[in-house]
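Below is one structure, written out as structure tokens, with a few remarks after it.
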Amino acid sequence: MKIASFNINGIKARAEALPAWLKAAEPDVVALQEIKSTDEAFPHEVLDGLGYQIVTHGQKGFNGVALLSRFPLEDVVCGLPGDDEDVQARWIEATVVGDRAVRICGLYLPNGNPAPGPKYDYKLAWMARMHARVQTLLATEEPLVFLGDYNVIPQDEDAAKPEAWREDALALPQTRAAFRRLLHLGLTDAFRARVAGPGHFTFWDYQAGAWQRNNGIRIDHLLLSPQAADLLREVGIDKEVRGGEKPSDHVPIWIDLNA
DNA sequence: ATGGTTGCCCCGCAA
């Protein structure tokens, strides 16, 4: 089961690039972030004929997440539990049934800038809520995959210019500590389970020629429960997508599970 | 070098 995460930065803007990548990469399951569309306005025709079931958790103008699956999707949950006041569309869960059932949790973690400030407080509170949700799901002992745009640079080696991110909400010590608390629950960073060292990125800013200079960061992650980590076959980053026509500022990252 | 670019859809805000 090939499972990918892709922050597309607008489904309407990616009406050509998204299906082109799907045809080339042939993932079974995809978590999309920043669809920037309501559920009603989601252009389903963009994905017609590609064989995916689609569930969306959208919002007008910004945020918004979705799951695509070639296998049946069951028990869909929209929204991160733990705060009934939170209206931001950043979390979607479903169980995908292939050779075996895998719980897929797609997420778009808050950016948090500027820090300090209310947006950073929201980021840290959201990470605490995610921690609680992960604990709840781990108790099921199902294979779990938590994937998406975490807006977290886990370590200095995950940025081309770590000094430029020192004061940024994506790399502040409190952000990294909250990310480590997720890992300490027993989750595995799938990419780091297979690839060591610097120079592996999933995001390059549109500004200042970041792609041409390879000034990137690794902020899109797949975290695996122990039962999912046992099934891990392969990981990859589809870096070439960033050099295509009208690209997102993120590229897809994926795993292949024996499931 | 306090810049630069993109997407949303009504133009300023988020990233």
Side-chain angles (χ1 to χ4, degrees), chain A residues 5-21 31-47 56-66 80 86-91 106-127 130 147-154 158-172 174-176 178-179 201-221 238-253:
Chain A
S5 172
F6 191 6
N7 180 326
I8 55 173
N9 189 21
I11 181 64
K12 296 170 194 80
R14 236 51 69 201
E16 291 172 16
L18 176 59
W21 168 71
L32 298 177
Q33 301 89 40
E34 287 204 87
I35 63 172
K36 295 188 174 181
S37 166
T38 60
D39 296 335
E40 296 71 28
F42 189 90
H44 285 258
E45 67 276 9
V46 165
L47 300 167
T56 62
H57 179 42
Q59 184 176 348
K60 190 177 178 67
F62 57 109
N63 299 331
V65 288
L80 179 61
D86 186 3
V87 296
Q88 297 196 34
R90 296 180 174 277
W91 182 270
L107 64 110
Y108 176 46
L109 206 147
N111 176 296
N113 282 302
K119 291 189 174 180
Y120 193 57
D121 295 341
Y122 175 68
K123 178 176 195 153
L124 294 177
W126 201 97
M127 293 180 84
M130 178 173 168
L147 74 169
D149 178 358
Y150 280 71
N151 272 311
V152 174
I153 302 168
D158 298 310
K161 296 184 175 181
E163 66 284 356
W165 299 92
R166 210 68 81 191
E167 310 291 318
D168 194 281
L170 278 60
L172 282 170
Q174 281 188 86
T175 304
R176 288 180 169 177
F179 185 76
F201 309 129
T202 63
F203 170 91
W204 294 259
D205 203 290
Y206 287 125
Q207 301 181 70
W211 167 247
Q212 289 75 12
R213 297 160 193 254
N214 196 27
N215 179 16
I217 52 178
R218 190 177 73 93
I219 57 174
D220 299 272
H221 308 297
D238 289 344
K239 180 179 179 178
E240 72 286 350
V241 169
R242 187 64 177 80
E245 286 284 304
K246 209 173 188 297
S248 171
D249 41 5
H250 295 250
V251 296
I253 177 169

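Letters A, B, ... are given to chains in the order of the sequence lines, protein chains preceding strands, and every chain is numbered from 1.
- For A:Asn63 and B:dG7, the CG to P distance is 17 Å, given to the nearest whole Å.
- A:Ile35 CD1 to A:Ile11 CD1: the interatomic distance, rounded to the nearest 0.5 Å, is 7.5 Å.
- Both A:Asn111 and A:Ile35 lie close to DNA chain B; mapped to their nearest nucleotides by heavy-atom distance, the more 5′-ward contact belongs to A:Ile35.
- A:Asp86 meets the side-chain hydrogen bond (donor to acceptor under 3.5 Å, both in side chains) test with A:Tyr122, A:Arg129; sequence neighbours excluded.
- Residue A:Lys246 has a polar side-chain atom (N or O) positioned under 4.0 Å from OP1 or OP2 of B:dG7.
- A:Glu45 is linked by a side chain to side chain contact (heavy atoms under 4.5 Å, CB included) to A:Pro43, A:Asp48, counting only residues two or more places apart in sequence or in another chain.
- Protein atom NZ of A:Lys161 is 13 Å distant from nucleotide atom C1' of B:dG4, rounded to whole Å.
- Residue A:Gln207 has its side chain nearest to B:dG4 when only B:dA15, B:dG7, B:dG4 are considered.
- The separation between A:Asp205 atom CG and B:dA1 atom P is 20 Å, rounded to whole Å.
- Spacing of C1' atoms, B:dG4 relative to B:dA15, comes out at 13 Å, to the nearest Å.
- OP1 or OP2 of B:dA14 sits under 4.0 Å from a side-chain N or O of A:Lys119.
- Counting only residues at least two apart or on different chains, the salt bridge (charged side-chain N to carboxylate O under 4.0 Å, His left out) pairs with a member in residues 159-170 of chain A are A:Asp156-A:Arg166.
- Every residue two or more places apart in sequence or in another chain that forms a salt bridge (charged side-chain N to carboxylate O under 4.0 Å, His left out) with A:Arg218 is listed here: A:Asp158, A:Asp189.
- In this structure, A:Asp168 atom CG and B:dT2 atom C1' are separated by 15 Å, rounded to whole Å.
- Spacing between atom NE2 of A:His250 and atom P of B:dG7 amounts to 13 Å, rounded to whole angstrom units.
- In this structure, A:Tyr150 contributes its side chain and A:Leu107 its backbone to no donor-acceptor pair below 3.5 Å.
- Comparing B:dC10, B:dA15, B:dG7 by their nearest atom to the side chain of A:Lys60 picks out B:dC10.
- When heavy atoms are screened at a 4.0 angstrom cut-off, A:Tyr108 is found touching the sugar-phosphate backbone but no base atom.
- For the pair A:Leu32 CG and B:dG7 P, the computed distance is 16 Å after rounding to whole Å.
- Rounded to a whole Å, the CD atom of A:Glu34 is 13 Å from the P atom of B:dA14.
- Under the 3.5 Å distance criterion, with hydrogens and angles disregarded, no donor-acceptor pair is assigned to the side chains of A:Asn113 and A:Lys119.
- Every residue two or more places apart in sequence or in another chain that forms a side-chain hydrogen bond (donor to acceptor under 3.5 Å, both in side chains) with A:Gln88 is listed here: A:Asn63, A:Arg90.
- In terms of position on DNA chain B, the residue among A:Arg14 and A:Phe62 whose nearest nucleotide sits closer to the 5' end is A:Arg14.
- The nearest whole Å value for the distance from the CG atom in A:Leu109 to the P atom in B:dA15 is 11 Å.
- B:dG7 and B:dG3 have their P atoms separated by 23 Å, with the value rounded to a whole Å.
- Residues of residues 208-218 of chain A that place a heavy atom closer than 4.0 Å to DNA chain B do not occur.
- Across all strands shown, A:Arg90 has heavy atoms under 4.0 Å from sugar-phosphate atoms exclusively, and none from any base.
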